[in-house]
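Take a look at the structure below.
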There are 2 protein chains.
Amino acid sequence: MENDAVNELALKRNPSLVSLIYEKLENMILSGQLRSGDPVNERALSMQFEVSRAPIREACRRLEQAGLVSIIDNRGAFVREVSKTTATEVYDVARLLSSEAARHAVANVTDEEVRKLTAMVEHIERDANRDDLSSYYAHNDLFHLELVKLGRNDKLAELYRSLNNELTLYRQRGLRSFPDFERSLAAHRSIIEALARRDSAAYQQALDAHSTKMTERLLNLGV
Amino acid sequence: MENDAVNELALKRNPSLVSLIYEKLENMILSGQLRSGDPVNERALSMQFEVSRAPIREACRRLEQAGLVSIIDNRGAFVREVSKTTATEVYDVARLLSSEAARHAVANVTDEEVRKLTAMVEHIERDANRDDLSSYYAHNDLFHLELVKLGRNDKLAELYRSLNNELTLYRQRGLRSFPDFERSLAAHRSIIEALARRDSAAYQQALDAHSTKMTERLLNLGV
DNA sequence: AGATTACCGATTGTCGACAATCTGTAATCT
DNA sequence: AGATTACAGATTGTCGACAATCGGTAATCT
């Protein structure tokens, strides 16, 4: 099931080898298949994927820019270890961006978007009810990214996405807190509700409260 | 004077070929030597620097991540054209980060830092008096970056630096507004002064006003 | 003439080989 | 024995060559 990754890559093609390899590796890291500190060996991967080292190497450099691996000169790439200090910094910036986006969201949001977001919330609730944690986390992240996009600033949204990836890596590093479903889902509901009412103050307040709560929970884990 | 770039690179060494090439190219772009839309040809550069294409290629990918070039598949890298829309977005995020850093600056700043910043302001003033625009711009950017670092969030400062590089590219794209020295230098003075007094409100207000003024001036150029 | 197709030059994409560099271990010296 | 040095293995860094792909131009067709 894993050694036909070759064909996977060979067939899809055109999205460029590097992109495919990048996504594969990103996924392996964010899903926890590769853990913090693990080496990312160019030759080993080039044999595993049956391509030369060049595209692998390039993908690794992209992973570095994305903050997912650290590269040590002449030593190679290693899945990054995100310290609590760094994670705190990243959280702070992500919250700042999210909050800024929220300030502009209500003025721009369309009915269509409210419907889409509502659907996403419901999807997350289904994941929670089925205890499908991995899907829950993924869709939760997507939901929040979509909220940020309401700020109508592509650059800001892109930065947010990138920061959130780093945070996912941090969360992945060790024991993972079991989410407080009840509280979290309720928060989502009130966020969406305020948005539907076009109540900017309530929306910003609900979102900030939710973000702060999440941050606290996640940072108080590793102690 | 320019074609011994070869020896420059060959001698410095160890900071890795890629880093040297990256910095060289970054400098060529930010200084306006390479202008928006110009192709960044791998083979040409590899001959100019007398290295193989591999390190050039890698440097180009880093430039892309830094937002300084766009890469089109199978077509190569081109110095990026930053639209006014994008520049506005980037400005908004940069201002947000700067403002957030300002909120924490007074609580943390040391006397040593105040001295250093004062020296930087004086340096900028000398540049202004000598009408050394290129030095003026460079030190002005450094000054503002140093202010952001007072926020004690490395990640935030790094993002700010990166965003500012993109903005430099935007400014470089066409006609450049002649700076309003008098107003700008006065603003620097009051920023530093508020900082020295540890007057947080005044500091934040002075900095935000200055940033906003700069933004307006720069964005109203290309119309 | 206008549109379509086939080709050509230029550039990037990928490859396999070799050089440079680092880490850890074993041999040597005091 | 402890410290130092020399070596070996593994990995990245760099290179030159070839393949794939793109844009534009010239030849062809209607």
Side-chain angles (χ1 to χ4, degrees), chain A residues 5-25 28-29 34-66 68-81, chain B residues 5-25 28-29 34-66 68-81:
Chain A
V6 186
N7 302 335
E8 266 181 61
L9 295 183
L11 289 176
K12 281 185 183 173
R13 211 88 208 294
N14 231 20
S16 107
L17 265 186
V18 175
S19 308
L20 293 176
I21 293 165
Y22 175 84
E23 281 173 30
K24 183 95 187 156
L25 289 177
M28 287 172 76
I29 293 174
L34 282 171
R35 300 180 66 84
S36 281
D38 285 356
V40 182
N41 185 300
E42 291 180 5
R43 181 168 303 278
L45 288 171
S46 81
M47 285 166 62
Q48 181 179 342
F49 293 154
E50 284 185 347
V51 298
S52 87
R53 270 176 55 213
I56 304 278
R57 187 182 175 78
E58 199 170 312
C60 285
R61 302 310 157 126
R62 279 211 229 168
L63 287 173
E64 185 192 25
Q65 286 299 322
L68 297 183
V69 307
S70 315
I71 290 179
I72 307 177
D73 282 342
N74 294 311
R75 288 289 298 158
F78 301 83
V79 178
R80 187 160 158 221
E81 316 222 26
Chain B
V6 186
N7 301 333
E8 267 181 60
L9 295 185
L11 288 176
K12 281 185 186 175
R13 212 84 207 295
N14 233 20
S16 105
L17 265 185
V18 174
S19 306
L20 293 175
I21 292 165
Y22 176 84
E23 280 173 31
K24 182 96 187 157
L25 289 177
M28 285 171 78
I29 293 174
L34 283 170
R35 300 179 66 84
S36 282
D38 286 355
V40 182
N41 186 299
E42 291 181 4
R43 181 167 304 279
L45 289 171
S46 81
M47 285 166 63
Q48 182 179 341
F49 293 155
E50 286 185 345
V51 298
S52 89
R53 269 176 57 217
I56 304 278
R57 188 182 175 76
E58 198 170 313
C60 285
R61 302 310 156 124
R62 279 211 229 169
L63 287 172
E64 185 192 26
Q65 285 299 323
L68 297 182
V69 307
S70 315
I71 290 180
I72 306 177
D73 281 342
N74 294 311
R75 289 286 300 154
F78 300 85
V79 179
R80 183 156 160 226
E81 316 222 24

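Naming convention: chains lettered A, B, ... in sequence-line order (proteins, then strands); numbering from 1 in each chain.
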Round to a whole Å and report the spacing from [atom1] of [X] to [atom2] of [N].
{"X": "B/Glu58", "N": "D/dT12", "atom1": "CD", "atom2": "C1'", "value": "10 Å"}
{"X": "A/Glu42", "N": "C/dC22", "atom1": "CD", "atom2": "P", "value": "16 Å"}
{"X": "B/Arg61", "N": "D/dG13", "atom1": "CZ", "atom2": "P", "value": "17 Å"}
{"X": "A/Arg57", "N": "D/dT11", "atom1": "CZ", "atom2": "C1'", "value": "10 Å"}
{"X": "A/Ile21", "N": "C/dG13", "atom1": "CD1", "atom2": "P", "value": "13 Å"}

Distances under 3.5 Å between protein N/O atoms and the N/O atoms of nucleotides 7-10 of chain D, please, pair by pair.
none

_For D/dT30, the Watson-Crick or wobble counterpart (both distances under 3.5 Å)_ =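 Checking every strand shown, D/dT30 finds its partner in C/dA1, with both distances under 3.5 Å.
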
Mind checking whether [X] and [Y] have side chains closer than 4.5 Å, heavy atoms only?
{"X": "B/Arg61", "Y": "A/Arg61", "answer": "no"}
{"X": "A/Glu58", "Y": "B/Glu58", "answer": "no"}
{"X": "B/Leu45", "Y": "B/Leu25", "answer": "yes"}

*Among B/Val40, B/Asn41, B/Ile21, the one residue meeting side chain to side chain contact (heavy atoms under 4.5 Å, CB included) with B/Ile56*: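 Single side chain to side chain contact (heavy atoms under 4.5 Å, CB included) partner of B/Ile56 among B/Val40, B/Asn41, B/Ile21: B/Ile21.
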
_With a cut-off of less than 4.0 Å, is there a side-chain N or O of B/Arg75 near OP1 or OP2 of D/dA20?_
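For B/Arg75, the contact criterion (side-chain N or O under 4.0 Å from OP1 or OP2 of D/dA20) is not met.
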
_Nearest heavy atom decides the nucleotide; on that basis, is B/Ile71 or A/Asn74 closer to the 5' end of DNA chain C?_
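Between the two, 5'-proximity favours B/Ile71.
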
*C/dG13, D/dG23, D/dG13: which one has an atom nearest the side-chain heavy atoms of A/Asp73?*
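Closest nucleotide among those given: D/dG13.
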
*With sequence neighbours excluded, what pairs up with B/Ser19 under the side chain to side chain donor-acceptor pair (under 3.5 Å) test?*
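In terms of side chain to side chain donor-acceptor pair (under 3.5 Å), with neighbours along the sequence ignored, B/Ser19 is linked to B/Ser16.
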
*side chain to side chain donor-acceptor pair (under 3.5 Å) with B/Glu64: which residues, sequence neighbours excluded?*
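None.
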
*With sequence neighbours left out, what residues match A/Gln65 under side chain to side chain contact (heavy atoms under 4.5 Å, CB included)?*
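Checked A/Gln65 against side chain to side chain contact (heavy atoms under 4.5 Å, CB included); matches are B/Arg62, B/Gln65.
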
_Suppose we screen for side chain to side chain contact (heavy atoms under 4.5 Å, CB included). Which residues come up paired with A/Ala54, at least two apart in sequence or across chains?_
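Counting only residues at least two positions away or on another chain, A/Ala54 forms a side chain to side chain contact (heavy atoms under 4.5 Å, CB included) with A/Ser52.
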
Pairs under 3.5 Å (N/O, protein and nucleotides 15-17 of chain D):
| from | atom 1 | to | atom 2 | distance (Å) |
| --- | --- | --- | --- | --- |
| D/dC15 | OP2 | B/Ser52 | N | 2.7 |
| D/dC15 | OP2 | B/Ser52 | OG | 3.2 |

Give the table of side-chain donor-acceptor pairs shorter than 3.5 Å for residues 74-81 of chain A, with sequence neighbours excluded, one pair per line with atom names and distance.
| from | atom 1 | to | atom 2 | distance (Å) |
| --- | --- | --- | --- | --- |
| A/Arg80 | NH1 | A/Gly67 | O | 2.9 |
| A/Arg80 | NH1 | A/Glu166 | OE1 | 2.8 |
| A/Arg80 | NH2 | A/Glu166 | OE1 | 3.4 |

